[in-house]
Novice: 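Before I ask anything, let me first share the structure, which is written out below as C-alpha cells.
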Amino acid sequence: MPFIALLGVPGAGKGTQAKRLSAALALPHVSSGDLFRENLKHGTPIGQEAEKYLSRGELVPDAITIEMIEERLAQTDGAAGAILDGFPRTARQADALENMAGGSLRAAVHVEVPIERLVERMAGRRVCREQGHVYHTKHKPPKEWGICDIDGSELYQRDDDKPETVRHRLKVYEEQTAPLVEYYRERGVLVTVNGDQPIEAVTEAILSSLEQEATS
Ligand code: ADP
Ligand code: ADP
C-alpha cells in the first residue's frame, strides 16, 4: 500500500483533505501536528520538548520529529502506507521519509491556496479538544456552536493560529518547506491541486490526479 504526503502552507487544507483521503483510500491519517498536540496534552517528554517550538510557530527539530513519525509508522496500521499530513517539512525529513517508505511514496500532493485566503482560514479554524477534528466558523461550521459533531468535545482556537504566529509560520514554510515542491517534482511524484475551491471539490481533484498518476 502506498504513502501519500500532503504539502501546502499552514491553512491550505492538508488536515481536512487528509481525513477525507484516509476514508476514501482506507489508509491511516498520520499528522505530525496532531501527534505533537497529543503529546503536549499528555505532558510526554516529546510534548514538553515540542511546546516551545509550537508556541512560537517554529519547526520542532528534525531528530525529534523523524523519530516520532518512525514510531508511528512502525505501528501495524501504518507500516504499509499512510496519508502523511504535515510531514515532511524539511529536506532532512524528506530524506528520512525516502528511507522509511522507499519506492512506496506514490505522490506528494501540493495543495495550493493563495496567501490572501489564509488569514481567513486560520482565523476561523476551530479544533476539537478530544481528537483534533477540524472545523471552520464559516466554511465548515459544527451542527451545534462550539461542540464537535463527532465526539461532542469542546472546540477551541489553536494558540498558534493568532495572526503574529501565523505570519511567522508562513515565513518558516517559505524557507524550509516550499523547496520540497521542487524536490518531489524532480522525483516525478509531485501532484499539484487547486486548494481554493470547496472542500469536496479539492478531494475530487486529488483523487482524480492520483488515478491519472496510477495509469500514466
Ligand atoms: P498546519 O496544519 O496549520 O500547518 P500543523 O498542525 O501541521 O499546522 O503543525 C503545527 C506545528 O507543529 C508547526 O508549527 C510545528 O511547530 C509543528 N510541526 C508539525 N509538523 C512538523 C514537522 N514535520 N516538522 C517540524 N515541526 C512540525
Ligand atoms: P492545514 O492542515 O493545511 O493547516 P486545515 O485542514 O486545518 O489546514 O484547514 C484550515 C482551515 O480552513 C480549517 O478551519 C478548515 O475547516 C478550513 N478549510 C479547509 N479546506 C477548506 C476549503 N477548501 N475551503 C474553505 N475552508 C477550508
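Owing to the predicted nature of the structure, the values given are computational and were not obtained by experimental measurement. The figures that follow rest on heavy atoms only: side chains count, while hydrogens, waters and symmetry mates do not. Each ligand, and each atom within it, is numbered from 1 in the order the structure gives.
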Novice: Indicate yes or no: does R185 engage E182 in a salt bridge with an N to O separation below 4.0 Å.
Specialist: yes

Novice: Checking R129 against Y156: charged group under 6.0 Å from the ring centre and within 45 degrees of the axis?
Specialist: yes

Novice: When only distance counts, is Q17 in polar contact with ligand 2, meaning an N/O pair under 3.5 Å?
Specialist: no

Novice: Check K52 with E58, please: is the shortest side-chain N to carboxylate O separation under 4.0 Å?
Specialist: no

Novice: Is E38 salt-bridged to K41, going by a charged N under 4.0 Å from an acidic O?
Specialist: yes

Novice: Between T177 and R89, is any side-chain donor less than 3.5 angstrom from a side-chain acceptor?
Specialist: no

Novice: Which atoms of ligand 2 have any heavy atom of H139 under 4.0 Å away?
Specialist: 25 (C), 26 (N)

Novice: Put together the list of close N/O pairs, under 3.5 Å, between ligand 1 and the protein, could you?
Specialist:
unit_1   : atom_1 : unit_2 : atom_2 : d
ligand 1 : 3 (O)  : R125   : NH2    : 2.9
ligand 1 : 3 (O)  : R169   : NH2    : 2.5
ligand 1 : 4 (O)  : K14    : NZ     : 3.4
ligand 1 : 4 (O)  : R89    : NH2    : 2.7
ligand 1 : 6 (O)  : R37    : NH1    : 2.9
ligand 1 : 6 (O)  : R37    : NH2    : 3.0
ligand 1 : 6 (O)  : R158   : NH1    : 3.3
ligand 1 : 7 (O)  : R89    : NH1    : 3.1
ligand 1 : 7 (O)  : R89    : NH2    : 3.2
ligand 1 : 8 (O)  : R158   : NH2    : 3.1
ligand 1 : 8 (O)  : R169   : NH2    : 3.3
ligand 1 : 16 (O) : E58    : O      : 2.6
ligand 1 : 20 (N) : S32    : OG     : 2.8
ligand 1 : 20 (N) : R89    : NH1    : 3.0
ligand 1 : 23 (N) : G86    : O      : 2.9
ligand 1 : 23 (N) : Q93    : OE1    : 2.9
ligand 1 : 24 (N) : Q93    : NE2    : 2.9
ligand 1 : 26 (N) : V60    : N      : 3.1

Novice: Scan for side chain to side chain donor-acceptor pair (under 3.5 Å) pairs involving residues 25-35, sequence neighbours excluded, and state none if there are none.
Specialist: K19-H29, H29-D85, D34-R37

Novice: Heavy-atom contacts with G195 under 4.0 Å: which atoms of ligand 2 show up? List them by number with element.
Specialist: 23 (N)

Novice: More than 12 heavy atoms of other residues, nucleotides or ligands under 6.0 Å from CD of E67: yes or no?
Specialist: no

Novice: N/O of K140 under 3.5 Å from N/O of ligand 2, yes or no?
Specialist: no

Novice: Any chance the side chains of D160 and Y53 put a donor and an acceptor closer than 3.5 Å?
Specialist: no

